[in-house]
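In what follows, a structure is listed as structure tokens, so that the remarks can point back to it.
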Amino acid sequence: PLQKIAKLTNPEIARYGRQLILPGFGIHAQMDLRNCSMLVVGAGGLGSPCALYLGGSGVGRLGIVDHDTVDISNLHRQVIHNEARQGMSKAQSAALSVRLLNPHCEVIVHDLVLESSNAQPIIDAYDIVIDATDNVATRYLLNDACVLGGKPLVSGSALRLDGQLTIYNYRDGPCYRCLFPTPPPSETVTNCSDGGVLGVEQDPPTMTLFSANSSTMFRTIKLRKRKSDCIMCGDAPTITKLIDYVRFCGSSATDK
Amino acid sequence: PLQKIAKLTNPEIARYGRQLILPGFGIHAQMDLRNCSMLVVGAGGLGSPCALYLGGSGVGRLGIVDHDTVDISNLHRQVIHNEARQGMSKAQSAALSVRLLNPHCEVIVHDLVLESSNAQPIIDAYDIVIDATDNVATRYLLNDACVLGGKPLVSGSALRLDGQLTIYNYRDGPCYRCLFPTPPPSETVTNCSDGGVLGVEQDPPTMTLFSANSSTMFRTIKLRKRKSDCIMCGDAPTITKLIDYVRFCGSSATDK
Amino acid sequence: MDPNNTLRIELQFSGGMELLFDNQKMIKANVPAFFSTESTTEKHAATIGDLIGWIASTQLRERPELFIGPDGSVRSGILVLVNGADWELEGELEYELEDRDEIVFISTLHGG
Amino acid sequence: MDPNNTLRIELQFSGGMELLFDNQKMIKANVPAFFSTESTTEKHAATIGDLIGWIASTQLRERPELFIGPDGSVRSGILVLVNGADWELEGELEYELEDRDEIVFISTLHGG
Ligand SMILES: [Zn+2]
Ligand SMILES: [Zn+2]
């Protein structure tokens with residue numbers, strides 16, 4: 001686990017000074033960031049700004065999971081990569097950019113596909129998990145591993161001009177399965193990977209919606225609490241270890 | 001002016017392919033971007049994502065104005081720069097990053113302070129102007145130059161955890177002076193340069209507010225139309241060339 | 001209670017749901033205030049459950065299975081909001097519609 | 001019309017305005033429904049102009065000049081919303097308050 005420190009170094013104070021004087025943020029929030037490890041799953045459209053801003057702002061340890069390689073067709077919105085890095089692992093490329101921005105952030109590259117067989121120890125090693133992936137099977141996998149590991153899951157998704165942002169498994173709020181006990185029929189899942197959203201989330205449990213082509217671009221929705229009969233996070237859970245998520249979600253789950 | 005092209009090259013089609021298949025975007029929107037020149041004024045907290053995403057998405061020509069140099073205390077949120085570029089002009093550094101991301105975007109560096117004496121020809125050379133600056137005097141300067149030059153002005157601002165986004169001088173909507181005929185008293189202006197927001201804007205004229213610490217994080221406000229008695233964009237304008245904005249706004253205008 | 005009454009309900013669609021409704025993000029619908037209770041002639045006040053069936057049969061232009069599930073609720077992966085709140089807080093299918101309610105159907109997104 | 005009536009007005013503050021009000025982003029205020037017309041004993045229905053003066057004298061803890069201008073309107077750089085819309089669309093100072101109105105005061109931001 002990340003070794004906690006008791007005070008910032010002088011170079012850190014110089015770097016984060018503008019945040020330190022922010023009312024409602026300050027030294028305590030900066031120390032919380034510095035002593036926190038976060039795992040960003042996916043270094044694509046959502047993972048790009050996510051990793052850049054988290055790394056820049058002073059997260060102590062940042063894990064980046066992605067098995068894909070940088071392709072020219074990614075660069076129109078995956079701004080953490082660049083043209084010279086075509087063919088490089090996206091996790092590697094994202095880590096390079098974060099290290100150039102902030103050498104104080106310890107970046108860990110997970111150049112792999114997250115699966116039932118390997119997810120739990122990786123999730124367990126971080127304090128907070130951020131789902132920036134684009135398929136249903138990984139969403140259920142991350143949800144279950146986060147419930148089993150007791151980690152909050154920040155889940156972002158985007159499609160075309162719409163975006164959604166939710167925190168699951170946090171402060172008596174729901175897990176992903178409380179909201180969506182069964183996966184959608186495979187024919188309803190489109191993984192277009194185009195669009196974008198980033199935001200902040202709060203108590204009580206809410207979902208934030210973004211839509212660039214409606215008159216009310218943003219709305220915040222009050223969500224249910226944790227469901228006592230949820231098979232994952234409820235009072236008597238029936239799932240106690242990771243399952244086969246590709247089978248659970250049907251054939252479309254890992255399509256892109 | 002930017003030379004218009006009639007069709008995309010094959011490398012461009014490969015790069016922007018994911019956008020080209022986006023419903024409601026497609027080839028026409030991509031051509032509009034490609035044949036458009038935009039000026040981003042300010043390469044700081046708001047200018048960073050702005051320049052990266054506009055450059056990546058395929059704007060034909062992107063001008064970047066900033067006279068500041070990269071400082072270590074900028075890097076916590078000005079993610080277009082990096083640690084090795086300390087001391088480099090921010091406009092230069094931002095241009096480097098955009099070129100690495102997308103060599104198809106023609107990036108023009110304006111390493112200068114925008115003033116009454118030099119603003120008009122620079123503004124006139126672009127199709128759309130984006131105000132990502134942090135002081136009142138420059139907001140009025142950009143507003144007036146955009147009204148005189150007939151350019152839409154996309155104005156973003158952020159302070160602490162709040163953000164505001166508006167398009168001025170566009171499709172019979174108001175200019176900045178229609179909303180704010182006189183500058184605020186100097187003691188009310190804080191240029192804390194901390195926070196962040198980015199978004200999209202629409203007909204009718206609206207302002208989008210972002211607040212990370214209120215329960216309704218986002219709201220969209222319907223704005224007045226252009227005011228016929230506005231001294232800048234009204235039916236009988238009394239300002240017909242750029243004025244002294246530092247004097248107009250009082251001493252605080254260019255403080256940081 | 002006049003059984004010919006209708007309720008003015010604002011239906012909204014998001015996250016791709018609108019593609020099933022001719023790309024309309026919003027429909028102002030006049031929904032019957034009462035529905036027949038199954039296998040009797042009695043009528044009961046319209047619930048969200050009734051609304052879902054009514055939408056599937058009167059508003060949907062294509063592929064109702066992308067909207068309604070075999071159990072008569074919305075298919076999995078759709079979140080329903082009643083006046084801005086998760087419908088689970090309002091009784092889900094049993095919630096009785098009121099005049100001028102706003103009901104939102106959101107399909108979960110899976111882009112990254 | 002009972003001149004002792006009050007209107008329930010929800011005041012919101014944004015863009016730093018809240019710092020003038022003990023960091024409250026929202027205040028549920030009971031505002032007099034009628035105000036005296038200057039230099040007469042007559043009363044008139046409360047307008048936003050009256051509300052601004054009332055806020056400055058009853059709600060503001062410090063530095064009222066950061067809220068109210070010398071002309072009795074808000075100081076420059078503050079945008080006022082009436083039920084979500086720019087107050088210019090509603091008559092600005094002359095708008096007559098209604099019970100349960102939501103009035104938002106937004107200071108323009110100048111961070112970049
Ligand atoms: Zn659950
Ligand atoms: Zn004007």
Side-chain angles (χ1 to χ4, degrees), chain A residues 11 14-19 21-25 45 48-49 52-53 55-58 71-85 97 99-103 160-161 192-196 198-204 206 208-210 212-220 222, chain B residues 11 14-19 21-25 45 48-49 52-53 55-58 71-85 97 99-103 160-161 192-196 198-204 206 208-210 212-220 222:
Chain A
R15 174 179 295 260
Y16 307 122
R18 303 302 282 272
Q19 284 175 180
I21 58 172
L22 206 64
F25 192 82
S48 286
L52 274 177
Y53 281 95
S57 68
D71 183 85
I72 194 90
S73 70
N74 302 141
L75 298 178
H76 70 100
R77 74 181 190 107
Q78 301 184 15
V79 300
I80 203 167
H81 311 301
N82 66 45
E83 178 144 328
R85 300 195 193 141
S97 292
R99 288 182 191 129
L100 285 173
L101 180 64
N102 188 0
R160 301 192 195 97
L161 300 175
C192 183
S193 293
D194 286 285
L198 189 68
V200 191
E201 198 78 358
Q202 301 202 306
D203 259 349
T206 55
T208 298
L209 298 185
F210 171 92
N213 62 344
S214 77
S215 58
T216 319
M217 282 195 291
F218 297 97
R219 67 187 298 163
T220 307
K222 189 163 179 285
Chain B
R15 174 179 295 261
Y16 307 122
R18 304 301 282 273
Q19 284 175 181
I21 58 172
L22 205 64
F25 191 83
S48 285
L52 274 177
Y53 280 97
S57 68
D71 183 86
I72 196 90
S73 69
N74 302 141
L75 298 178
H76 71 99
R77 74 182 189 107
Q78 301 184 15
V79 300
I80 203 167
H81 311 301
N82 65 47
E83 177 143 329
R85 298 196 194 140
S97 293
R99 288 182 190 130
L100 285 172
L101 180 64
N102 189 0
R160 302 193 193 97
L161 299 175
C192 182
S193 291
D194 286 285
L198 189 69
V200 190
E201 200 77 357
Q202 302 203 307
D203 259 348
T206 55
T208 298
L209 298 186
F210 171 92
N213 63 345
S214 78
S215 59
T216 319
M217 282 195 289
F218 297 98
R219 65 188 300 162
T220 306
K222 191 164 177 286

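Keep in mind that the numbers below use all heavy atoms, side chains included, and drop hydrogens, waters and symmetry copies. Letters A, B, ... mirror the listed sequences (proteins, then strands); counts begin at 1.
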(Q) Checking A:Asn74 now: which residues fulfil side-chain contact (heavy atoms from CB on, under 4.5 Å) with it, not counting sequence neighbours? (A) A:Asp71, A:Gln78, A:Lys90

Q: Can you see which heavy atom on B:Ala14 is nearest to which on A:Ser73, and at what distance?
A: O-CB, 3.5 Å

Q. Do A:Leu101 and B:Val79 have side chains that get closer than 4.5 Å, going by heavy atoms?
A. yes

**Q.** Among B:Pro103, B:Ala84, B:Gly17, residue most engaged with chain A (heavy-atom pairs, under 4.5 Å)
**A.** B:Pro103

Q) Closest heavy-atom contact between A:His76 and B:Arg18? A) NE2-CB, 3.5 Å

